[in-house]
Amino acid sequence: MMNTPQQVKNPSSSLKSRFITRFLGALTKINAEDPISSPSPTRILQLYRRIKVASNKSMAYSVRSRRIWSRAMLSRFRSRRSAFSGRRSSVKTTNCTTINVTINENKTAKGGLDMQTDELRELVPGGEAMDVCNLLDETAHYIKCLTTQVQVMRKIVDFCHLSKKSSM
């Protein structure tokens with residue numbers, strides 16, 4: 001199968017389009033199930049949580065099981081849905097020979113790096129089980145995906161804001 005020139009220039013465009021399709025479908029489903037009737041603080045918090053989960057699920061499903069963080073996130077969603085999951089996903093590793101890390105002068109090399117790595121492991125889904133090389137690789141990809149989420153959500157808000165202005 002040949003890649004089109006656009007796919008070669010911007011490989012994230014397919015990720016973005018998969019995310020948009022899934023996320024808009026999830027938003028449509030949320031709105032159809034329970035349209036906003038009363039904007040109470042409790043109701044707004046419930047919608048916020050549902051939208052956040054829909055966004056995270058959409059991104060994890062868009063990435064599929066190609067990344068450790070997405071497999072960890074999908075596993076977390078599946079385990080919430082059912083109490084028992086008979087399937088476990090395998091963890092793929094990246095070949096990594098050397099990592100150059102700049103350490104702040106204020107921190108000791110061992111303690112400072114360990115602290116920073118532990119903090120990063122808490123932020124990246126599935127990070128607890130990764131070595132430093134995979135953790136950095138997965139973190140870079142996870143940040144790219146979070147950036148995509150923010151860009152899409154901003155465009156949705158802008159669109160809604162513009163359509164609201166034009167209806168006034």
- Work out which heavy atom in Ala60 is nearest to a heavy atom in Leu74; give both atom names and the distance. CB-CD2, 3.7 Å

- Item | Side chains of Thr139 and Trp69 in contact at under 4.5 Å (non-hydrogen atoms) | no

- Identify the two heavy atoms, one from Cys160 and one from Ser163, that lie closest to each other, and give their separation to 0.1 Å. O-OG, 3.0 Å

- Message: I need the Lys52 NZ to Lys57 NZ distance, nearest 0.5 Å.
- Response: 14.0 Å

- Hey, what do you get for CD1 (Ile68) to CG (Asn134), rounding to the nearest 0.5 Å? 4.5 Å

- Item | Gap between atom NZ of Lys144 and atom CZ of Arg67 - 0.5 Å precision | 8.0 Å

- Among Leu146, Val152, Thr148, find the one that has a side-chain contact (heavy atoms from CB on, under 4.5 Å) with Met59. Thr148

- Can you tell me how far the CG atom of Leu123 sits from the OH atom of Tyr142, to the nearest 0.5 Å? 8.0 Å

- Under a single-linkage rule joining Ile, Leu, Val, Met, Phe, Trp and Tyr whose side-chain heavy atoms are separated by less than 4.5 Å, which residues share a cluster with Val150? none

- Any chain of hydrophobic side-chain contacts (each under 4.5 Å) joining Tyr61 to Val124? no

- Note on the structure: When every non-hydrogen atom of Ala72 is compared with those of Pro125, the smallest separation belongs to CB-C, 3.7 Å

- Pairwise side-chain contact, Thr28 with Phe23, heavy-atom cut-off 4.5 Å (strictly under): no

- Query: Would Arg121 and Glu138 satisfy salt bridge (charged side-chain N to carboxylate O under 4.0 Å, His left out), going step by step from the backbone distance to the final call?
  - Reply: CA-CA 10 Å; Arg121 281 192 171 97; Glu138 291 293 317; over 6 Å; no

- Message: Within the 4.5 Å heavy-atom criterion, are Phe19 and Cys145 side-chain neighbours or not?
- Response: no

- Considering all heavy atoms of both residues, which atom of Arg76 and which atom of Gly126 are nearest to each other, and what is their separation? NH2-N, 4.4 Å

- Message: For a side-chain contact (heavy atoms from CB on, under 4.5 Å) check, start with the C-alpha distance between Arg50 and Glu33, then their side-chain angles and the critical distance, and finish with the verdict.
- Response: CA-CA 12 Å; Arg50 288 187 70 190; Glu33 287 175 359; 2.5 Å; yes

- Query: Less than 4.5 Å apart, any side-chain heavy atom of Leu136 and any of Leu120?
  - Reply: yes

- Kindly indicate, with the supporting measurements, whether the criterion side-chain contact (heavy atoms from CB on, under 4.5 Å) is fulfilled by Phe77 and Met73. CA-CA 6 Å; Phe77 290 130; Met73 195 176 274; 3.4 Å; yes

- With distance as the sole test, does Ser70 use its side chain to make a donor-acceptor pair with the main-chain N or O of Val63 at under 3.5 Å? no

- Interatomic distance, Arg66 atom CZ to Leu15 atom CG [nearest 0.5 angstrom]: 8.0 Å

- Message: If we check side-chain contact (heavy atoms from CB on, under 4.5 Å) with Ser62, which of these qualifies: Gln149, Arg22, Lys16?
- Response: Arg22

- Report yes or no: does Thr147 contribute a side-chain atom to a donor-acceptor pair with the main-chain N or O of Ile143 at less than 3.5 Å? yes

- Message: When you compare the side chain of Glu122 with that of Glu128, does any pair of heavy atoms fall below 4.5 Å?
- Response: no

- At what distance, to the nearest 0.5 angstrom, does CG of Leu24 lie from CD1 of Ile156? 4.5 Å

- Minimum-distance pair of heavy atoms, taken over all atoms of Leu27 and Ile51: CD2-CG1, 3.9 Å

